[in-house]
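Single-structure report; data block below.
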Number of protein chains: 2
Amino acid sequence: MTPRQARLEQQRSDILHAAASLIAERGFHGMSMRDLAEATGFGVSSLYNYFASKEELLAELQIRAFETLIAAANDSRQETPDAAARLYVFIFNQVRYFIDHADVMRVLIHEAAALPAEHRQRVRSLKEAYFRIGRDAVAAVFAQGCATPDTARGPVEAVALDRATYSIFGMINWVWAWYEPTLHGTPEDVARSIHSLAVCGLVARCPASPSQEELPPGLAHRQVSLLKRQAGTK
Amino acid sequence: MTPRQARLEQQRSDILHAAASLIAERGFHGMSMRDLAEATGFGVSSLYNYFASKEELLAELQIRAFETLIAAANDSRQETPDAAARLYVFIFNQVRYFIDHADVMRVLIHEAAALPAEHRQRVRSLKEAYFRIGRDAVAAVFAQGCATPDTARGPVEAVALDRATYSIFGMINWVWAWYEPTLHGTPEDVARSIHSLAVCGLVARCPASPSQEELPPGLAHRQVSLLKRQAGTK
DNA sequence: GATTGTCGAACGAACGTTCGTTCGTCAATT
DNA sequence: AATTGACGAACGAACGTTCGTTCGACAATC
């Protein structure tokens, strides 16, 4: 990659960072290109050297975010054979990512509908791919639980599995709305609470508590950065 | 109430209905007063006979919604002595309300930050009051679970209780993002899935399954309507 | 019972501002 | 000499809001 392209990519990334912050604060329609220009230090018109329109800027932001999320989830997929532990890794990765990039998270959740129809489909398919990864992790835990001798549950229907998966995503996605580092513990605490609720529930005796044992420090704890910055900047 | 006032209230309610739908679709900043005028059949300026500003319209929408939610939750609070069953009623009420009024729900979740500072505080206190109701229900289930002899859990710390409560709210609040009546079962199915996940988890043997027994058909199933319409008008 | 006055309610037009976007220019880099 | 990238100026459109006016219903007056 020529230094020309590197510099261009760097500045596109900077603009996306600033845009994520502003959109998270005021919504897509609430952020003006003049706001974004002031935040980045560019003139208003210079932004159009990097993105064709305001909408394409939003689309690029969401696409990059989901691609990063999917890559991180895939990387740490087959680390451990235990289903409950794998689910914990999945939950923790996403929780920490959302806590580290709260503004991007808000954009992902809030502004899917603001996209033009063309980019909508691309983002939706990425979202569905990510959902399937999560559902596989949930299904594995489900199957493992059903295999225990003292439960008489039959095989889980697909609809119920979908509902359970969406509910678990709900717990994770809602973190942006309430989490305060000074009030609610570490990201690990949050991930443990969610995982424990998902696997064991509020009152049941928990047959699998993988939250205690430490995670492999490699891929699972790898720092995922949505909009990658060049080394040395900021 | 004089028929004059009744008519005025009726039309305020109509406008709020239309606004909820438009804001849910495009966001607060994405809805223009001209859009709202066209949707309601009023002229643009006539809207200002009913609301002082666009922001006050949003504030009124949110305040009414939370007041309705709180009233419904309070009504069905002490129906049954069983903690798990009470939690189910709480979950089901909110799930059904969100399914019936998906647009209002989206406004509540998305547009809290768009409020001016004055109304912000009022909405926030309502939200906190509602949270406390939910947390009490969760705490009761927690305490009941801890009392069972085969678990060795100590008393639940306040922080963990908060995290669990927020997570359960997350499952419920996320429903708007995925629920499709033709794909994901009835509202009762959704509430049962969430409640089962909250109380029993994915794999644990469930000590309390109150979802099977029917609910009292009175207050718990009472239809809650956010923006009350006069009888007889569509 | 006709006339008059009051007032709420709805409107079109226009306000000043801000929106996203385009264009021509010009300095800096290659 | 050629290309890139940053810029201010300007565009038409749309924004939230205000204004003056009009219309029709209802009570009080004659």
Side-chain angles (χ1 to χ4, degrees), chain A residues 1-16 18-20 22-23 25-62 107 111 113-119 230 233, chain B residues 1-20 22-23 25-61 107 111 113-119 230 233:
Chain A
M1 177 155 65
T2 110
R4 251 282 174 8
Q5 289 170 319
R7 176 181 152 82
L8 186 134
E9 168 55 30
Q10 168 64 38
Q11 273 168 318
R12 281 173 61 94
S13 172
D14 283 348
I15 294 173
L16 286 176
L22 288 173
I23 295 177
E25 189 182 333
R26 315 178 211 186
F28 178 69
H29 294 287
M31 176 201 75
S32 73
M33 296 300 276
R34 287 164 179 82
D35 295 335
L36 185 57
E38 190 175 10
T40 54
F42 285 106
V44 196
S45 50
S46 303
L47 298 173
Y48 288 84
N49 293 331
Y50 299 95
F51 298 95
S53 70
K54 191 188 177 190
E55 279 174 345
E56 193 194 90
L57 199 148
L58 175 64
E60 183 80 17
L61 186 52
Q62 300 202 9
V107 176
E111 311 293 345
L115 281 178
E118 350 151 30
H119 299 301
Q230 300 290 97
T233 61
Chain B
M1 178 154 68
T2 109
R4 252 291 182 356
Q5 289 171 319
R7 177 181 150 82
L8 185 135
E9 168 54 31
Q10 168 64 38
Q11 273 168 319
R12 279 173 64 94
S13 171
D14 284 348
I15 294 173
L16 286 177
H17 262 98
L22 288 173
I23 296 177
E25 189 182 334
R26 314 178 209 185
F28 178 68
H29 294 288
M31 176 201 74
S32 74
M33 295 300 275
R34 287 165 180 81
D35 294 335
L36 185 57
E38 191 175 8
T40 54
F42 286 108
V44 195
S45 50
S46 303
L47 298 173
Y48 288 84
N49 292 332
Y50 298 96
F51 298 95
S53 70
K54 192 187 177 190
E55 280 173 344
E56 194 195 89
L57 199 147
L58 174 64
E60 182 81 16
L61 186 52
V107 175
E111 311 293 345
L115 281 178
E118 350 152 29
H119 299 301
Q230 300 289 99
T233 61

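First the proteins, then the strands, lettered A, B, ... as listed; each starts at 1.
- Closest approach of B:A20 to B:V107, counting heavy atoms only: O-CG2, 3.8 Å.
- Projected onto DNA chain C by closest heavy-atom contact, B:Q11 and B:R34 fall at different nucleotides, the more 5' of which corresponds to B:Q11.
- The cationic group of B:K54 lies under 6.0 Å from the six-membered ring centre of B:F28 and within 45° of the ring axis, placing it in a cation-pi geometry.
- If you check residues 35-52 of chain A against DNA chain C, the residues with a heavy atom closer than 4.0 Å are A:V44, A:S45, A:Y48, listed by number.
- A distance of 11.0 Å separates CD of A:Q62 from CG of A:L57, quoted to the nearest 0.5 Å.
- Shown are A:E9, A:R12, A:Q11; of these, the side-chain hydrogen bond (donor to acceptor under 3.5 Å, both in side chains) with A:Y50 is made only by A:Q11.
- Closest of all the heavy-atom pairs between A:H119 and A:A59 is CG-CB, 3.5 Å.
- Of the possible donor and acceptor atoms, one in the side chain of A:T40 sits under 3.5 Å from a partner among the backbone N and O of A:L36.
- When rounded to the nearest whole Å, the span between CZ of B:R7 and C1' of D:dC26 equals 14 Å.
- Here salt bridge (Lys or Arg N to Asp or Glu O under 4.0 Å) pairs that include residues 30-40 of chain B, with residues two or more places apart or in two chains, are B:R26-B:D35.
- Closest approach of A:E111 and A:I23 over heavy atoms only: CG-CG2, 3.8 Å.
- In the 5' to 3' direction, nucleotides of DNA chain C lying under 4.0 Å from heavy atoms of chain A begin and end at C:dC19 to C:dT30.
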